[in-house]
Amino acid sequence: MASSSAPRVRFAPSPTGYLHIGGVRTAMFNWLWAKKLNGTFVLRIEDTDQERSTEESRNVILDAMRWLELDWNEGPEVGGPNGPYFQMQRLPLYREFADRLISRKLAYRCFCTKEELDEKRTALKAQDPKAQFRYPGTCRDRQDQPDKPFVIRFRTPETGSVTYDDLVFGTITTPNTAQQDFVLVRSDGVPLYNFGAVVDDVSMGITLVARGREHMVNTPPQIMICQALGYEPPRFAHLPLMLAPNGEKLSKRHAAVSVGEYQAMGYSPMGVLNYLVRFGWSFGDEEIFSREDLIRKFDFANVGKADGKFDPKKFADVAFEHLKRPDLTSVPRYQEMVRPFLAEIGIADPPEPKLAKAIPAIRERARSLKEAADALSYFFKSPVFDEKAKKKFLTPESATRLGELRSLLAPLDAWDEASLETAITGWLAAKNLAIKDVAQPARVSLTGRTVSPGLYEVLAVLGKEESLARIDQGIRFASA
RNA sequence: GGCCCCAUCGUCUAGCGGUUAGGACACCGGCCUCUCACGUCGGUAACACGGGUUCAAUUCCCGUUGGGGUCGCCA
């Protein structure tokens, strides 16, 4: 399927927590690029931090990816020709690549202990807090000491520079003096990020690495490793950062940052994706996109360079737009998404036809699926009365009106919105009344509250029998 | 501090030498209206600063200022 020009991209989260919305944006940009160009999206789990990696976190991340419908062509559970897709299962490969570098003197064993180095580092910092500690090169040319544990360090060239052409930032040049002899493999044989990522990227045939700008500093060392290994480096695209409203690094201190929280709040997957895609990327003046739109329109050429600040209000609005518009969220899809939220409030199995009729009535006044469930509740359960509303609108005088309304409705055969409107407006005209004279008492009777969709819509969704029963109850309350 | 990056309304952004600097969110008014929404009309609001280049700079170059990333046997 994939032609030779089709990109191979990847998303490589570490399973050390939830899936952060910044990570979602990175994953999505990669995914969009693969979809657009018929490429391959690889999901790789970077679990080399054994202290912090957990299986639970891995599952949370995979679930979030699935919820967002960012499907991967190769990776956990789907497999693929370049597996395994968990770094801890690829240890022999890293060993092999590291040995290659050592035998060519491009890397060397370092027997300095972490303690020794930490001591030197803290001593230096104590002397001059602004000084940067660099590995002094103690083991660069030292003979092997077979009994002692060692890390493997990269022999960084002392002159020259690394230049690459970033798809977003353009040409970036970094002097090699900015680098030290960094560690490739820990003393326990587990690779560090820069080495593991490069070995995997080259062995998995990754052609473009798109990731957050915080990784820009890792790119020159990674290119060095890549070239030392004898591979052509992939291309890079760094994405501007999503900061908190106050300009700090966005964390849970500032806002909800995990996908799971937005799912729980009742945002739709496309609501989440649409907000995040517009963060750093634009397509003229367009704000709202369907998934298909995005695949067609996305391009790294339209990714901006400036960091931005997260805006929960805008996020909520974009999410709402997706829920509101039938062209973006079909009624069946809406039903499927709102059902878990209905279940949460005790409406376990709402009948499909009624739900399908109710959704168009509430969708433009529910900013989230959670609000939608609430707005839908009285269609499926007895209304819960707002006491203040009851007192204000279900009065003895309104009892008369409600009685008349009931008499009007009781003989009606046609019970659709248009017929109800015709019948009721005719009656009002004959009685020289306005709809507002009867709407609120009727609304409170039918829904238990003062806020709801239009009266005719509510009646139509509720059906004749239920509507009459609720009006009767309203009359009883009003007369009491 | 070293290295790297960035700079248009409060926020997300359009703009790719000549525009009344556009859109969206938020905010403030009006309209619509059976409530609430939706919708709709309008308003407030931005090119950080200083030098160049050019007939002409928001746009190109340099500097200043401001902001950010990163300096681990984390990723």
Side-chain angles (χ1 to χ4, degrees), chain A residues 12-16 46-49 51-53 110 112-114 117-118 121 128-134 149-153 166 168-170 172-180 182-188 190-194 196-197 211-220 238 240-243 245 247-249 275 278-288 302 304-318 320-321 324 362-367 375 389 393 424 428 434-444 447 449-456 458:
Chain A
S14 67
T16 54
E46 306 211 328
D47 54 356
T48 54
D49 184 346
E51 302 274 303
R52 296 193 300 146
S53 294
C110 168
C112 302
T113 66
K114 188 175 193 315
L117 262 20
D118 283 347
R121 191 179 353 249
D128 177 5
K130 288 172 182 168
Q132 57 172 339
F133 176 77
R134 293 171 65 95
F150 59 85
V151 301
I152 299 172
R153 281 183 191 274
D166 192 287
V168 173
F169 288 94
I172 307 289
T173 299
T174 308
N176 290 345
T177 49
Q179 249 63 69
Q180 56 177 322
F182 50 89
V183 175
L184 300 174
V185 181
R186 279 185 276 237
S187 51
D188 61 3
V190 177
L192 243 37
Y193 170 70
N194 273 337
R211 74 227 302 195
R213 191 170 69 74
E214 74 269 22
H215 283 293
M216 232 197 272
V217 74
N218 288 318
T219 304
H238 289 99
L241 259 24
M242 186 155 65
L243 272 18
E248 291 174 359
K249 190 168 171 175
Y275 175 69
R278 282 284 291 102
F279 205 103
W281 174 82
S282 61
F283 192 80
D285 278 349
E286 293 184 37
E287 297 277 349
I288 303 297
N302 293 322
K305 303 179 203 194
D307 294 341
K309 292 171 186 163
F310 178 77
D311 182 355
K313 284 206 172 110
K314 178 90 175 184
F315 194 170
D317 184 74
V318 171
F320 177 38
E321 195 72 21
K324 191 169 64 192
I362 60 93
R363 69 186 308 162
E364 67 191 24
R365 53 202 106 213
R367 295 181 66 82
F393 292 107
I424 292 174
L428 290 169
I435 180 70
K436 64 156 101 55
D437 297 325
V438 71
Q440 284 306 73
R443 171 169 287 112
V444 174
T447 69
R449 39 231 240 185
T450 53
V451 169
S452 84
L455 195 53
Y456 314 123
V458 173

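Note that this is a predicted model, so its numbers are computed, not measured. Labels below follow one simple rule: chain letters A, B, ... track the order of the sequence lines, proteins then strands, and each chain is numbered from 1.
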Rounding to an integer number of angstrom, what distance separates [N] and [M] when you compare their [atom1] atoms?
N: B/U13; M: B/A26; atom1: C1'; value: 15 Å
N: B/U58; M: B/C49; atom1: C1'; value: 14 Å
N: B/U54; M: B/G18; atom1: C1'; value: 12 Å
N: B/A37; M: B/C31; atom1: C1'; value: 16 Å
N: B/C16; M: B/C60; atom1: C1'; value: 11 Å
N: B/G72; M: B/G15; atom1: P; value: 39 Å
N: B/A45; M: B/G10; atom1: C1'; value: 8 Å
N: B/A14; M: B/G2; atom1: P; value: 32 Å

Euclidean distance, atom [atom1] of residue [X] to atom [atom2] of [N] [Å, nearest integer]:
X: A/F310; N: B/U13; atom1: CZ; atom2: C1'; value: 17 Å
X: A/K314; N: B/C25; atom1: NZ; atom2: P; value: 6 Å
X: A/I172; N: B/C6; atom1: CD1; atom2: C1'; value: 11 Å
X: A/N218; N: B/C3; atom1: CG; atom2: C1'; value: 13 Å
X: A/H238; N: B/C5; atom1: NE2; atom2: C1'; value: 11 Å

Start at the 5' end of RNA chain B and walk down; is the nucleotide closest to A/F279 or to A/T173 reached first?
A/T173
Which residue, A/G284 or A/A12, contacts RNA chain B at a nucleotide closer to its 5' end, judged by nearest heavy atom?
A/G284
For [N], give its Watson-Crick or G-U wobble partner with both distances under 3.5 Å, or none.
N: B/A24; value: B/U11
N: B/C71; value: B/G1
N: B/C49; value: B/G63
N: B/A37; value: none

If the condition is side chain to side chain donor-acceptor pair (under 3.5 Å), which residues does A/D49 pass it with, not counting sequence neighbours?
A/R52
Using a 4.0 Å heavy-atom cut-off across all strands, classify [X] as base, sugar-phosphate, or nothing.
X: A/G280; result: sugar-phosphate
X: A/E46; result: sugar-phosphate
X: A/I288; result: nothing
X: A/N194; result: nothing

Would you confirm whether A/R121, through its side chain, and A/F133, through its main-chain N or O, come within 3.5 Å as a donor-acceptor pair?
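Looks like no, no N/O pair under 3.5 Å.
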Using a cut-off of strictly less than 4.0 Å, decide whether A/K305 has a side-chain nitrogen or oxygen near OP1 or OP2 of B/C6.
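For B/C6, OP1 or OP2 has a side-chain N or O of A/K305 closer than 4.0 Å.
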Of the non-hydrogen atoms in A/L428 and A/A434, which two are nearest, and what is the gap between them?
CD2-O, 3.8 Å
Between protein and nucleotides 33-50 of chain B, map the contacts as a letter string: B base, S sugar-phosphate only, - none, heavy atoms under 4.0 Å, written 5' to 3'.
-BBBBSS-----------
Answer yes or no: is there an ion pair linking A/E287 with A/K314, defined by an N-O contact shorter than 4.0 Å?
yes
Kindly indicate whether the side chain of [X], heavy atoms from C-beta on, has any atom under 4.5 Å from the side chain of [Y].
X: A/Y193; Y: A/H215; result: yes
X: A/V168; Y: A/H238; result: no
X: A/Q179; Y: A/V217; result: no
X: A/R278; Y: A/F283; result: no
X: A/Y275; Y: A/F310; result: yes
X: A/K305; Y: A/P240; result: no

Just the table, please: protein N/O against nucleotides 66-74 of chain B N/O, every pair under 3.5 Å.
{"unit_1": "B/G68", "atom_1": "O2'", "unit_2": "A/R213", "atom_2": "NH2", "d": "2.9"}
{"unit_1": "B/G68", "atom_1": "O2'", "unit_2": "A/D307", "atom_2": "OD2", "d": "3.2"}
{"unit_1": "B/G68", "atom_1": "N2", "unit_2": "A/R213", "atom_2": "NH1", "d": "3.0"}
{"unit_1": "B/C73", "atom_1": "OP1", "unit_2": "A/R121", "atom_2": "NH2", "d": "3.4"}
{"unit_1": "B/C73", "atom_1": "O2", "unit_2": "A/S187", "atom_2": "N", "d": "3.1"}
{"unit_1": "B/C73", "atom_1": "O2", "unit_2": "A/S187", "atom_2": "OG", "d": "3.0"}
{"unit_1": "B/C73", "atom_1": "N3", "unit_2": "A/S187", "atom_2": "OG", "d": "3.2"}
{"unit_1": "B/C73", "atom_1": "N4", "unit_2": "A/C112", "atom_2": "O", "d": "3.2"}
{"unit_1": "B/C73", "atom_1": "N4", "unit_2": "A/K114", "atom_2": "N", "d": "3.2"}
{"unit_1": "B/C74", "atom_1": "OP2", "unit_2": "A/R186", "atom_2": "NE", "d": "3.4"}
{"unit_1": "B/C74", "atom_1": "OP2", "unit_2": "A/R186", "atom_2": "NH1", "d": "2.0"}
{"unit_1": "B/C74", "atom_1": "O2'", "unit_2": "A/D49", "atom_2": "OD2", "d": "2.4"}
{"unit_1": "B/C74", "atom_1": "O2'", "unit_2": "A/R52", "atom_2": "NH2", "d": "3.4"}

Test item: side-chain donor near acceptor, A/T177 and A/R134, under 3.5 Å:
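Distance-only check fails for A/T177 and A/R134.
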